[in-house]
There are 2 protein chains.
Amino acid sequence: MTIQQVATEAGVSPSTVSNLLNGRSHRMLPETRQRIERAIDKLGYRPNRAARQLRTGRNTTIGLVVPSVGNPFWGALARHLESAALAEGYHVLLCNSERDPRRERDYVDELWADGVHGVVLCSSLPSLEHVMPLVERGLQLVAFDRTSQAGDPASLVSISVDNAVGSQLATQHLTDLGHRRLAFVSGALASVNRKERYRGFMAGLEQAGVDPATSVRAPIKGDADDFGDVEASELGRAAAAELLALEEPPTGIVAINDMCALGVCRGLRDGGLEVGKDVSVVGFDDIVLADLYAPTLTTVRQPMKEMAAAAFTQLRSRLDDSGPTQGQSLLFRPELIVRESTAAPS
Amino acid sequence: MTIQQVATEAGVSPSTVSNLLNGRSHRMLPETRQRIERAIDKLGYRPNRAARQLRTGRNTTIGLVVPSVGNPFWGALARHLESAALAEGYHVLLCNSERDPRRERDYVDELWADGVHGVVLCSSLPSLEHVMPLVERGLQLVAFDRTSQAGDPASLVSISVDNAVGSQLATQHLTDLGHRRLAFVSGALASVNRKERYRGFMAGLEQAGVDPATSVRAPIKGDADDFGDVEASELGRAAAAELLALEEPPTGIVAINDMCALGVCRGLRDGGLEVGKDVSVVGFDDIVLADLYAPTLTTVRQPMKEMAAAAFTQLRSRLDDSGPTQGQSLLFRPELIVRESTAAPS
DNA sequence: CGAGGCTGGTGCAACGATGCACCGCATGTT
DNA sequence: AACATGCGGTGCATCGTTGCACCAGCCTCG
């Protein structure tokens, strides 16, 4: 089914069909338009995307590069972004970097080679240098879950929750409950948001007058490579075991994200402790499972749906080149969701 | 960067570059080949996929349509399928049907219009009629998590765990422990695998000599539309509440999948019962969280990695048209993983 | 009456890669 | 000498769509 066949069927030229298809039908006889529309219906014609893209250089696919679809948090982002995109006739191509910087770059390269001009990148990396060449060539980039940094390309849009504030909320919640020996559990602080969350944790301590030097244990495990998300739970579990081996184990634990927090809970249980009683645990993200777990998990919620919608909107307006070319940062407000995993120290 | 520029740089014709790129370099001077390779490197040339596809009608993208990326089970499939595909230079386009048959068909249509000739479909539907027209036109389809049915297209490949056996293993495990009042919790039995799992449950009861008529409660909630996967957990939670309201609540519960099982556990906890002591719960899938939950969840494992690899292999061999055109069914063996959520009735 | 403007279209040359048919040359065969 | 064969490449038409440049026919106006 080509545009030529439709044209023949309707008794017009391919150009005319193309004009109709591309909204250039101002000065077209209603009768002609109907003949074409009928022909399209009759033949079940759909434009060939490859040809269209070859010709125009544009397309309606955006890329989404996430660290790990194994983490329900990213699954949720994929869902929401896809919904937003779908509503406007866009498609989402999902790529899973497994937090491997090289894979991340390869994916962005591939997307670009595929003619994808807009990418939502959930990067693990503080520097976006590895994708700069493409940004210079016109790739529209939205960094998700990563606040903007010095050295970022001027056109970059950053969308993120305020990680520092979120983490501070979590920490403050624990100190408000009376905890004084706190720990922060995370993989390598190799990404911007992790650093931010750590900063929020420290700020929370300071505000409560807890001396970081003596009362904080922050077993930050792994090097920059050891960085997974499914592994986040394993990491949490191992970290918990390590913390329990201390002379004075912490009574409150802030985890880098919910998956990690669940691992911590598991590890605490391994050690015979009861979460929400012997030890308090706070997560980050508010994945669906936070409310299913036993005990239900106190956590910091990211307004995912809004963030995903914003990511799409930003990208779209730039792809249409109707939008601004200047980059910007959108910082969303996190919200503390208190559940059963936190309580006053016993 | 076009093939023409590479050709000029290397001092050959575009055809020659194309020949090299497409493995037709048998009779090419090693020296020529090197000149071309150097030119490619120097210019950072990557073939334009749209042009290539327009010309050949082929491409290296496969589609993956899943019911819900919100469920980590499907996230895991996406990960493994992508790994397998990536290793061979293929891409995976992920689509989220939310178990909406119409959306499912629309996606498959879209993929086809995009020139995608191979799709892994995790369908909610017993009938594949809605995609038959495309299959007749040459779409290669792999049905995942769905055994083959009468009326399926001849070319269809089905990949699934043996759901009936898995479910029977789960049920048997409970009866072996001494449970006699069992329940099966599921959304509408609107998909093939759900029906199969229910069948396995009934078979398990029969084998243990438990009279289904008197001792089984199977609150199968919702109509065919109410079918989500994130909602699976909510459904489980609600079902648990309902079961607890019975005069004689069941002591053992088989859930349609892990997310549902976690919901059930949550619901039981709401009712003040302890899972793995007062009530036993078995899930299905063995998602990562099964081993994190408190208590850890007894479940039926699907060999995901192998299944995903098989799906890709099957698809690939058919897309190369080197493989068989005849369809086939691959049924994988499920494995019962016993953890803490099951015990003898108290 | 001829210049200019509007209407409702159409012609055509791209976009970049592909792969069959073909070519000139050197060597071997009858 | 005439013809086949192998070698190392190249020429060219083609995939389906797009959108600028253009055109014929009719109307208007000075």
Side-chain angles (χ1 to χ4, degrees), chain A residues 1-37 39-40 43-61 89 110 112-117 137-138 320-321, chain B residues 1-37 39-40 43-61 89 110 112-117 137-138 320-321:
Chain A
M1 290 307 104
T2 76
I3 203 173
Q4 174 61 59
Q5 297 177 41
V6 174
T8 306
E9 174 77 26
V12 295
S13 78
S15 298
T16 305
V17 180
S18 171
N19 285 337
L20 176 57
L21 256 37
N22 293 279
R24 283 184 298 269
S25 55
H26 326 288
R27 46 184 87 187
M28 188 179 293
L29 254 29
E31 179 196 314
T32 309
R33 137 180 272 156
Q34 277 182 21
R35 279 213 317 279
I36 297 176
E37 281 167 351
I40 289 178
L43 302 178
Y45 166 75
R46 319 211 27 163
N48 178 314
R49 251 178 245 274
R52 176 175 274 180
Q53 179 182 328
L54 177 59
R55 184 63 236 264
T56 64
R58 276 179 263 121
N59 70 16
T60 55
T61 300
E110 286 276 6
W112 179 258
D114 273 352
V116 173
H117 286 200
R137 291 213 235 161
D320 288 354
D321 63 22
Chain B
M1 290 307 107
T2 74
I3 203 172
Q4 175 62 58
Q5 296 176 44
V6 174
T8 306
E9 174 77 24
V12 294
S13 77
S15 300
T16 305
V17 180
S18 171
N19 285 336
L20 177 57
L21 256 38
N22 292 280
R24 281 184 298 271
S25 55
H26 327 289
R27 47 183 87 188
M28 188 179 291
L29 252 30
E31 180 197 312
T32 309
R33 136 180 274 157
Q34 278 183 22
R35 280 213 317 280
I36 297 176
E37 281 165 351
I40 289 178
L43 301 178
Y45 165 76
R46 320 214 25 166
N48 178 314
R49 253 179 244 276
R52 179 176 269 181
Q53 181 182 326
L54 177 59
R55 186 64 237 264
T56 64
R58 278 179 260 122
N59 72 14
T60 56
T61 300
E110 286 278 6
W112 179 256
D114 272 351
V116 173
H117 286 202
R137 290 213 236 161
D320 288 354
D321 64 22

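Here is the naming used below: chain letters follow the sequence lines, and residue numbers restart at 1 for every chain.
As judged by a 4.0 angstrom heavy-atom cut-off over every strand, B:Asn22 is placed among residues touching the sugar-phosphate backbone only. When heavy atoms are screened at a 4.0 angstrom cut-off, B:Arg33 is found touching no nucleic acid atom at all. Residue contacts shown for B:Arg49 are absent, as no nucleic acid heavy atom lies under 4.0 Å away.
To the nearest 0.5 Å, atom CG of residue B:Leu20 and atom CZ of residue B:Arg35 are 12.0 Å apart.
Side-chain nitrogen and oxygen atoms of B:Arg24 include at least one within less than 4.0 Å of the OP1 or OP2 phosphate oxygen of C:dG19. One finds no side-chain N or O of A:Arg46 lying less than 4.0 angstrom from the OP1 or OP2 phosphate oxygen of D:dT17. A:Thr56 has no side-chain polar atom (N or O) that falls below the 4.0 Å cut-off from OP1 or OP2 of D:dG19.
One interatomic measurement links the two molecules: CZ of A:Arg27 to C1' of D:dC23, which rounds to 13 Å at whole-angstrom precision. D:dT17 atom P lies 8 Å from atom CZ of A:Arg52, rounded to whole Å. Distance CG (B:Asn19) to P (C:dC22): 17 Å, rounded to an integer number of Å. At whole-Å resolution of the value, CG in B:Asn48 and P in C:dA14 are 18 Å apart. The nearest whole Å value for the distance from the CD atom in A:Gln5 to the C1' atom in D:dT17 is 14 Å. What separates CG of A:Leu20 from P of C:dG8 is a distance of 15 Å, to the nearest Å. Between the P atom of D:dT17 and the CG atom of A:Leu21 lies a distance of 8 Å, rounded to the nearest Å. One can place CD of A:Gln4 at 14 Å from C1' of D:dT14, the figure rounded to the nearest angstrom.
Scanning all heavy atoms of the two residues, the minimum distance from B:Gly115 to B:Gln53 falls at CA-NE2, 3.3 Å.
For A:Arg49, the salt bridge (charged side-chain N to carboxylate O under 4.0 Å, His left out) partners at least two apart in sequence or on another chain are B:Glu110, B:Asp114. With sequence neighbours excluded, the residues that form a side chain to side chain contact (heavy atoms under 4.5 Å, CB included) with B:Arg58 are B:Thr56. The side chain to side chain contact (heavy atoms under 4.5 Å, CB included) check on A:Thr8 picks up A:Gln4, with sequence neighbours excluded. Evaluation of the side chain to side chain contact (heavy atoms under 4.5 Å, CB included) rule for B:Ser15 yields B:Ser13 as partners, not counting sequence neighbours. By the side chain to side chain contact (heavy atoms under 4.5 Å, CB included) test, A:Met1 pairs with A:Gln5, A:Leu43, A:Tyr45, sequence neighbours left out.
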Check your understanding: Which is it for A:Trp112 and B:Arg46 under the side-chain contact (heavy atoms from CB on, under 4.5 Å) test, yes or no, and what are the steps along the way?
Key -> CA-CA 10 Å; A:Trp112 179 258; B:Arg46 320 214 25 166; over 6 Å; no
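Of the candidates D:dT10, C:dG16, D:dG19, D:dG19 carries the atom nearest the A:Arg58 side chain, counting heavy atoms from C-beta on. The side chain of A:Thr2 sits closest to D:dT17 out of D:dT17, C:dA17, C:dT7. The listed nucleotides are C:dC15, C:dG9, D:dT17; the one nearest the side chain of A:Leu54 is C:dC15. Residue B:Leu29 places its side chain closer to D:dG8 than to any other of C:dA17, C:dT10, D:dG8.
Within a heavy-atom distance below 4.0 Å of DNA chain D, the residues of residues 9-18 of chain B found are B:Val12, B:Ser13, B:Ser15, B:Thr16.
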